[in-house]
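Below: one structure, written as structure tokens.
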Amino acid sequence: MTENELLTWIQKNDTRFHFNAYRFVLEALQFTQKRLGGRRHISGQELLDGVKDYAWAQYGSMALEVFEEWGLKTTRDVGTIVFNLVNMGEIRKTEEDSIEDFDSVYEFSEVFREEAHRGPKKT
């Protein structure tokens, strides 16, 4: 699906989340797959761990503000985007996958505050 097709789908079906939120979730999925060793099924929990880490890597202390701008308020919102992407045919799910896998996994404000207190990662 092209970016224009994705934007059209969002405008017709679910305008709660900014186009960039969809793009971010797809990028976070790729980030998580790479981190876990390649293309394979990723659970909701694994993806949410990747979302947190990728957001911090991309936006640092501005991650929470970026998410709020995009309409991402809860981990369930990430799940909604994931299942919208499934419905569009952009990604696949297994029979065991459920939107509930994304319910109340963590609070964005808490995990990004924790990241800020950790400081720069040592390599």
Side-chain angles (χ1 to χ4, degrees):
M1 176 176 283
T2 68
E3 286 191 359
N4 283 339
E5 290 170 330
L6 177 58
L7 188 56
T8 299
W9 188 95
I10 293 167
Q11 290 169 340
K12 286 182 180 178
N13 297 286
D14 191 349
T15 59
R16 291 176 290 174
F17 311 109
H18 191 278
F19 169 77
N20 288 334
Y22 283 85
R23 188 176 4 195
F24 174 83
V25 169
L26 287 169
E27 290 172 2
L29 179 63
Q30 291 175 340
F31 169 86
T32 304
Q33 285 177 325
K34 183 176 179 183
R35 182 169 71 177
L36 295 175
R39 292 184 66 92
R40 68 166 181 84
H41 176 264
I42 294 175
S43 70
Q45 178 69 53
E46 289 171 324
L47 178 57
L48 287 170
D49 287 344
V51 162
K52 174 186 57 162
D53 294 343
Y54 188 63
W56 189 256
Q58 295 298 304
Y59 305 109
S61 62
M62 297 296 294
L64 184 60
E65 290 178 54
V66 170
F67 275 23
E68 288 174 356
E69 177 77 19
W70 291 344
L72 294 174
K73 296 177 177 82
T74 67
T75 54
R76 172 77 177 224
D77 292 339
V78 173
T80 299
I81 289 176
V82 165
F83 277 81
N84 283 346
L85 290 165
V86 167
N87 291 334
M88 285 182 244
E90 287 299 298
I91 60 176
R92 289 178 279 163
K93 70 174 195 76
T94 68
E95 289 298 318
E96 294 80 33
D97 293 326
S98 166
I99 188 73
E100 287 79 18
D101 297 340
F102 294 87
D103 283 347
S104 304
V105 175
Y106 56 75
E107 296 290 328
F108 292 135
S109 60
E110 290 176 17
V111 297
F112 294 140
R113 188 178 319 117
E114 288 171 10
E115 289 294 327
H117 287 297
R118 283 188 203 159
K121 292 184 179 178
K122 295 177 183 176
T123 55

Shortest non-hydrogen contact from [X] to [Y]?
{"X": "D101", "Y": "E96", "result": "OD2-O, 4.1 Å"}
{"X": "L64", "Y": "F108", "result": "CD1-CB, 3.8 Å"}
{"X": "F17", "Y": "I10", "result": "O-CG2, 3.8 Å"}
{"X": "A63", "Y": "A55", "result": "CB-O, 3.9 Å"}

### Task
Check the pair M88 / E5 against side chain to side chain contact (heavy atoms under 4.5 Å, CB included), numbers first and verdict last.
CA-CA 10 Å; M88 285 182 244; E5 290 170 330; over 6 Å; no
### Query
For E46, which of R40, R35, Q33 qualifies under side chain to side chain donor-acceptor pair (under 3.5 Å)?
R40
### Task
For residues 81-91, pull every pair meeting side-chain hydrogen bond (donor to acceptor under 3.5 Å, both in side chains), keeping only residues two or more places apart or in separate chains.
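Pairs touching residues 81-91 that pass the test: D14-N84, Y22-N84.
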### Message
As an exercise, state the distance from CD of E114 to CD of E107, rounded to the nearest 0.5 Å.
### Response
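E114 CD to E107 CD: 11.5 Å, rounded to 0.5 Å.
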#### Entry: Straight-line distance of R16 CZ to I81 CD1, nearest 0.5 Å
9.0 Å
#### Entry: Geometric class of the F112/F67 ring pair [parallel <30°, tilted 30-60°, perpendicular >60°]
perpendicular
Per-pair distances, 0.1 Å, donor-acceptor, side chain in residues 71-78, under 3.5 Å, sequence neighbours excluded:
from	atom 1	to	atom 2	distance (Å)
T74	OG1	R76	N	3.3
T74	OG1	D77	N	3.2
T75	OG1	F102	O	2.6
T75	OG1	S104	N	3.4
T75	OG1	V105	N	3.1
R76	NH1	D103	OD1	2.7
R76	NH1	D103	OD2	3.1
D77	OD2	K73	N	2.7
D77	OD2	T74	N	3.1

#### Entry: Qualifying residue, where the test is side-chain contact (heavy atoms from CB on, under 4.5 Å) with I42 and the options are L48, L47, D49
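Considering L48, L47, D49, a side-chain contact (heavy atoms from CB on, under 4.5 Å) with I42 is found only for L47.
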### Query
Between the main-chain N or O of F24 and the side-chain N or O of Y54, is there a donor-acceptor pair closer than 3.5 Å?
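Pair absent, no side-chain N/O of Y54 close to backbone of F24.
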### Task
Keeping the roles fixed (side chain from T15, backbone from Q11), state whether a donor-acceptor pair exists under 3.5 Å.
no
